[in-house]
Undergrad: 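First the structure, which I've put down as structure tokens, then a few questions once you've had a look.
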Amino acid sequence: MNTKTVHEPEATLMSAEEAWDDAQHLAELLQQNAAQTEPVIHLDIPFSYFVSVLDTLNRNELIILHKQIEERLAV
């Protein structure tokens, strides 16, 4: 087995358990960040269903939808 070194000579290598814990913590942070982004909706439904769903959205949801549509049309 080859001996490994670190990029900082005075630093110590992480154990496998420490590396796993670090990776789990990073995954949790990424999930939290993803939860804080704007919602993304993928629809594999007939357009008529989508139109009928518009009637169920409140004003704030319609404004968000309008903003998203405007941004897409601007591209």
Undergrad: Just verifying a value: how many Å separate R72 CZ and Q68 CD, rounded to the nearest 0.5 Å?
TA: 7.0 Å
Undergrad: Is L65 reachable from I45 through a run of hydrophobic residues whose side-chain heavy atoms are each under 4.5 Å from the next?
TA: yes
Undergrad: Does D55 CG have over 12 foreign heavy atoms under 6.0 Å away?
TA: yes
Undergrad: Applying the 4.5 Å side-chain criterion to the ILVMFWY set and letting contacts propagate, would L73 and V51 be lumped into a single cluster?
TA: yes
Undergrad: Give the table of side-chain donor-acceptor pairs shorter than 3.5 Å for residues 18-30, with sequence neighbours excluded, one pair per line with atom names and distance.
TA:
{"residue": "E18", "atom": "OE1", "partner": "S15", "partner atom": "N", "Å": "2.8"}
{"residue": "E18", "atom": "OE1", "partner": "S15", "partner atom": "OG", "Å": "3.4"}

Undergrad: Tell me the closest heavy-atom pair linking N60 and N58, and the distance in Å.
TA: N-OD1, 3.0 Å
Undergrad: Same hydrophobic cluster for V53 and I69, using side-chain heavy-atom links shorter than 4.5 Å among ILVMFWY?
TA: no
Undergrad: Name all residues meeting the side chain to side chain contact (heavy atoms under 4.5 Å, CB included) criterion together with L62; count only those two or more places apart in sequence or in a different chain, and write none if there are none.
TA: L54, L57
Undergrad: Nearest 0.5 Å, what's the CD-NE2 distance between E61 and H66?
TA: 15.5 Å
Undergrad: Using the ring-ring contact (aromatic ring centres under 6.0 Å, His included) criterion, which residues pair with F47? Sequence neighbours excluded.
TA: F50
